[in-house]
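To find a chain, count down the sequence lines: A is the first, B the second, and so on, and within it residues start at 1. Note: hydrogens, waters and symmetry copies are ignored here, and every other heavy atom, side chains too, is used.
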Number of protein chains: 2
Amino acid sequence: MPKPRPLRAAAPSFQPLYLQLRDLLVASLEADEWRPGEAIPSETELASRFGVSQGTVRKAIAALAADNLLVRRQGKGTFVATHTEEHASMFRFLRIRRKDGRDEYPASRIIDVRQGRVPTGIARHLGLRPGSAAIRVRRVLEYAGEPAVLDEIVLPGTLFRGLTKAKVDAYRGSLYSFFETQFGVRIVRAREQVTAVPADTAVAAILRVRPGEPLLAVDRVTYTYGGRPVEWRRGLCTTRRHFYSNELS
Amino acid sequence: MPKPRPLRAAAPSFQPLYLQLRDLLVASLEADEWRPGEAIPSETELASRFGVSQGTVRKAIAALAADNLLVRRQGKGTFVATHTEEHASMFRFLRIRRKDGRDEYPASRIIDVRQGRVPTGIARHLGLRPGSAAIRVRRVLEYAGEPAVLDEIVLPGTLFRGLTKAKVDAYRGSLYSFFETQFGVRIVRAREQVTAVPADTAVAAILRVRPGEPLLAVDRVTYTYGGRPVEWRRGLCTTRRHFYSNELS
DNA sequence: CAGTGGTCTAGACCACATC
DNA sequence: ATGTGGTCTAGACCACTGG
């Protein structure tokens with residue numbers, strides 16, 4: 001005898017049960033019901049809680065795991081994805097690789113952090129009103145002491161209130177780990193647009209290249225749950241010893 | 001009562017049934033049992049043929065559909081992926097987009113096709129012996145009549161015997177569609193490495209930019225079933241009106 | 001209408017992790 | 001030994017497609 005299906009009944013649309021459940025789980029993640037790194041309830045627990053079968057829970061979780069929102073570990077449980085212990089997928093949001101193949105994680109050196117207003121043009125990408133408060137971070141990524149990338153990062157002031165150079169400098173770990181633990185902002189997705197530009201004199205000095213030398217300009221908009229943009233950045237990257245890598249399928 | 005499981009019995013390793021089945025299906029694809037664009041047998045047919053349940057067939061097919069080897073269409077069947085009718089996913093292997101957002105498909109103009117020996121350095125990427133026969137194709141991609149990308153393409157002579165400029169020129173459709181229909185070479189995956197380089201005078205003339213202007217250099221190795229490389233190419237791309245786009249998650 | 005893939009269920013068993 | 005996710009099965013029903 002089939003069980004009653006409260007999820008289906010509550011939603012007039014024709015969305016499959018497991019997708020409705022997925023959206024409910026995302027809502028729970030947004031509501032901080034389970035924190036990054038923690039285990040969510042077991043499949044059987046969720047099945048009984050939502051009144052669906054374990055197979056339906058499994059499909060919902062599989063969809064979220066495919067989007068890197070959850071991580072499944074056999075025998076242990078299903079965990080909320082986190083940027084703080086990502087030594088496995090360290091290069092999920094870093095597509096810059098060394099040509100010689102020696103891929104240690106780069107060091108990040110903060111140049112400055114400034115409060116101000118969001119630049120016009122960037123406001124649109126972040127869904128902000130022109131003139132809104134914003135924080136601008138500039139930093140350099142260094143591989144084995146050699147500067148490779150100059151990042152300029154623009155953040156909405158409302159989400160990152162209280163971000164200072166001292167705090168970033170004090171933090172050990174990636175920038176997105178910093179966002180997650182210190183501001184509760186969880187990065188889940190990004191879109192990048194890459195162009196080639198000449199180095200101006202200021203950038204050339206920082207990256208130790210000749211002025212005019214071609215650089216990759218990697219423009220990125222980063223999103224949290226629900227496709228809400230939370231970061232804009234431009235990375236200027238020398239490709240003397242590095243390249244931007246991508247897999248197509 | 002559980003059925004006998006011949007697949008499991010035949011394989012001493014501890015690979016799940018659906019992965020074994022997936023590999024068998026890939027073998028059938030390689031053996032040309034089903035051609036690109038054709039439908040493969042229905043789930044129930046495959047289930048009875050291999051002595052597994054429909055659910056197991058479903059998981060195997062889902063894995064292949066996730067890798068873009070098969071395409072599922074509800075109510076119609078499961079089809080072998082093809083490059084010849086890909087107006088839906090036209091940009092699967094083309095990451096160059098127009099900055100103004102008007103994304104028609106570019107025209108391809110062949111410059112020349114030459115028989116010769118594989119350049120050292122590229123031989124390694126293609127898994128070829130140094131000095132092997134190779135075919136070199138140069139072409140320009142034009143958006144609305146304006147040249148944007150200069151491609152240099154190196155192909156193993158053994159796989160593409162008989163490829164001439166006349167044949168490419170006569171073909172209507174994408175290059176990978178040409179490979180698929182004329183040579184039975186099916187592209188399924190690629191790896192790209194992007195750097196920034198200055199335009200030399202010859203390239204600058206073709207792309208109508210100033211010599212020394214920064215270009216994207218997109219180096220690509222393309223693979224068929226089983227991870228066998230079948231194409232090397234370098235695309236030089238002006239980013240005045242275009243960019244290289246990528247999604248991270 | 002029949003045939004296809006898509007969803008959902010229920011239950012069994014397996015492999016892994018931990019105690 | 002227990003609990004977790006992973007696999008596999010069998011069957012029912014739904015949604016889409018096309019004759």
For this session: Would you indicate whether A:R172, at its atom CZ, is surrounded by more than 12 heavy atoms from other residues, nucleotides or ligands within a distance under 6.0 Å?
Result: no

Phosphate-side-chain proximity, [X] and [N], N/O vs OP1/OP2 below 4.0 Å:
{"X": "B:T56", "N": "D:dT9", "answer": "yes"}
{"X": "A:S42", "N": "D:dG3", "answer": "no"}
{"X": "B:K59", "N": "D:dT7", "answer": "yes"}

[X] has an atom [atom1]; how far is it from atom [atom2] of [N], in whole Å?
{"X": "A:Q54", "N": "D:dT7", "atom1": "CD", "atom2": "C1'", "value": "11 Å"}
{"X": "B:I61", "N": "C:dG5", "atom1": "CD1", "atom2": "P", "value": "7 Å"}
{"X": "B:R73", "N": "D:dA15", "atom1": "CZ", "atom2": "C1'", "value": "17 Å"}
{"X": "A:L70", "N": "D:dG5", "atom1": "CG", "atom2": "P", "value": "11 Å"}
{"X": "A:I40", "N": "D:dG5", "atom1": "CD1", "atom2": "P", "value": "8 Å"}
{"X": "B:F79", "N": "D:dT17", "atom1": "CZ", "atom2": "P", "value": "11 Å"}
{"X": "B:F50", "N": "D:dC8", "atom1": "CZ", "atom2": "P", "value": "14 Å"}
{"X": "A:L21", "N": "C:dT7", "atom1": "CG", "atom2": "C1'", "value": "13 Å"}

Exercise. What closest approach, in Å, do A:A148 and A:H242 show between heavy atoms, and which atom pair accounts for it?
Worked result: CB-CE1, 3.5 Å

Exercise. Do we see a donor-acceptor contact under 3.5 Å between the side chains of B:S177 and B:Y171?
Worked result: yes

For this session: Report yes or no: is the cationic atom of B:R228 (NZ for Lys, CZ for Arg) under 6.0 Å from the centre of the six-membered ring of B:Y223, at an angle within 45° of the ring normal?
Result: no

Exercise. Checking B:R97 against B:F91: charged group under 6.0 Å from the ring centre and within 45 degrees of the axis?
Worked result: yes

State which of [options] makes the closest approach to the side chain of [X].
{"X": "A:E43", "options": "D:dC8, C:dG6, D:dG6", "answer": "D:dG6"}
{"X": "A:Q74", "options": "C:dT9, D:dG6, C:dT4", "answer": "D:dG6"}
{"X": "B:K76", "options": "D:dG18, C:dA17, C:dT4", "answer": "D:dG18"}
{"X": "B:P16", "options": "D:dT4, C:dT7, D:dC8", "answer": "D:dC8"}

Problem set entry | Residue met sooner reading DNA chain C from 5', once A:R58 and A:Y18 are mapped to nucleotides | A:Y18

Seminar exercise, completed: The answer to which of A:G75 and A:S53 contacts DNA chain C further toward the 5' end, by nearest nucleotide, is A:S53

